[in-house]
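Every number for a ligand or one of its atoms is a count from 1 in the order of the listing.
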Amino acid sequence: MTADRYGPDFEDLMSTVEFRVSEQAHITVDTEVCRSCTTRACLHACPAKLFVPTADGGILFNYEQCFECGTCYLVCDADGAITWSYPEGGHGVVFRTG
Ligand code: SF4
Ligand code: SF4
């Protein structure tokens with residue numbers, strides 16, 4: 001694993017995890033709320049880079065490779081933009097130890 005003063009790079013981070021994807025999204029994003037958002041904090045805060053701006057001012061979000069860190073929910077201050085829960089049992093991120 002490589003690291004610099006900003007910590008491990010993204011590819012290294014992703015190589016240490018696997019995702020047991022549930023068919024049911026544990027996070028949903030109301031892109032209509034996002035259209036009036038001025039901070040777009042999620043774009044910079046999500047360590048898995050799962051929030052992507054669209055050309056029409058919305059947000060494209062994919063839950064499949066979520067680290068379940070909760071950061072997006074903390075930094076988003078728009079009511080109703082993000083609905084967050086943990087994945088159902090047996091699903092979600094698995095961190096490898098070796
Ligand atoms: S999820 Fe929250 S922070 Fe991100 S664009 Fe939407 S309203 Fe803004
Ligand atoms: S919980 Fe963490 S990894 Fe998952 S979408 Fe939110 S910020 Fe990204």
Next item on the list: Just do the side chain to side chain contact (heavy atoms under 4.5 Å, CB included) check on Tyr86 and His91 with the steps written out, would you?
Entry: CA-CA 9 Å; Tyr86 285 109; His91 294 87; over 6 Å; no
Which of the atoms in ligand 2, numbered in the order shown and given with their element, are less than 4.0 Å from a heavy-atom of [X]?
X     : result
Gly70 : 1 (S), 2 (Fe)
Pro47 : 7 (S)
Phe51 : 5 (S)
Phe61 : 5 (S)

Distance from [atom] to nearest protein heavy atom, with residue and atom:
atom                    : answer
atom 3 (S) of ligand 2  : Phe67 N, 3.2 Å
atom 8 (Fe) of ligand 2 : Cys46 SG, 2.4 Å
atom 2 (Fe) of ligand 2 : Cys69 SG, 2.2 Å

Check: Going by heavy atoms, is Trp84 under 4.0 Å from ligand 2?
Finding: yes
Margin query: Does the residue Ala45 have a heavy-atom contact with ligand 2, meaning some pair of atoms that are separated by less than 4.0 Å?
Written below: no
Ignoring hydrogens, what is the shortest heavy-atom contact between [X] and [Y]? Give both atom names and the distance.
X     : Y     : answer
Pro87 : Gly92 : CG-CA, 3.9 Å
Ile27 : Cys72 : CD1-SG, 4.3 Å
Ala48 : Gln65 : CB-O, 3.4 Å

Next item on the list: Inspect the surroundings of CD in Gln24 and state if more than 12 heavy atoms from other residues, nucleotides or ligands are less than 6.0 Å away.
Entry: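 No.
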Check: Are any of the side-chain heavy atoms of Val17 and Val94 separated by less than 4.5 Å?
Finding: no
Pairs of donor and acceptor atoms involving the side chains of residues 28-44, under 3.5 Å and at least two apart or interchain, shall be tabulated with distances.
| residue | atom | partner | partner atom | Å |
| --- | --- | --- | --- | --- |
| Asp30 | OD1 | Glu32 | N | 3.0 |
| Thr31 | OG1 | Ile59 | N | 2.9 |
| Thr31 | OG1 | Ile59 | O | 3.4 |
| Glu32 | OE2 | Arg35 | NE | 3.3 |
| Arg35 | NH1 | Asp56 | O | 2.8 |
| Ser36 | OG | Val33 | O | 3.2 |
| Thr39 | OG1 | Ala41 | N | 3.4 |
| Arg40 | NH2 | Cys34 | O | 3.0 |
| Arg40 | NH2 | Gly57 | O | 2.6 |

Notebook entry, point to check: Where does the angle between the aromatic ring planes of Tyr73 and Trp84 fall among parallel (under 30°), tilted (30 to 60°) and perpendicular (over 60°)?
Noted result: tilted
Next item on the list: Provide the protein N, O or S atoms situated under 2.8 Å from atom 2 (Fe) of ligand 1; waters are not included.
Entry: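 Under 2.8 Å from atom 2 (Fe) of ligand 1 - ignoring waters, which are not counted - the protein N, O or S atoms are Cys76 SG.
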For the atom pair [atom1] ([X]) and [atom2] ([Y]), what is the distance rounded to the nearest 0.5 Å?
X     : Y     : atom1 : atom2 : value
Ile82 : Phe61 : CD1   : CZ    : 7.5 Å
Tyr63 : His26 : OH    : NE2   : 9.0 Å
Phe10 : Lys49 : CZ    : NZ    : 5.0 Å

Notebook entry, point to check: Where's the contact between Tyr63 and ligand 2, heavy-atom distance under 4.0 Å: side chain, backbone, both or neither?
Noted result: neither
Check: Mind checking whether atom 2 (Fe) of ligand 2 has an N, O or S of Cys66 under 2.8 Å?
Finding: no
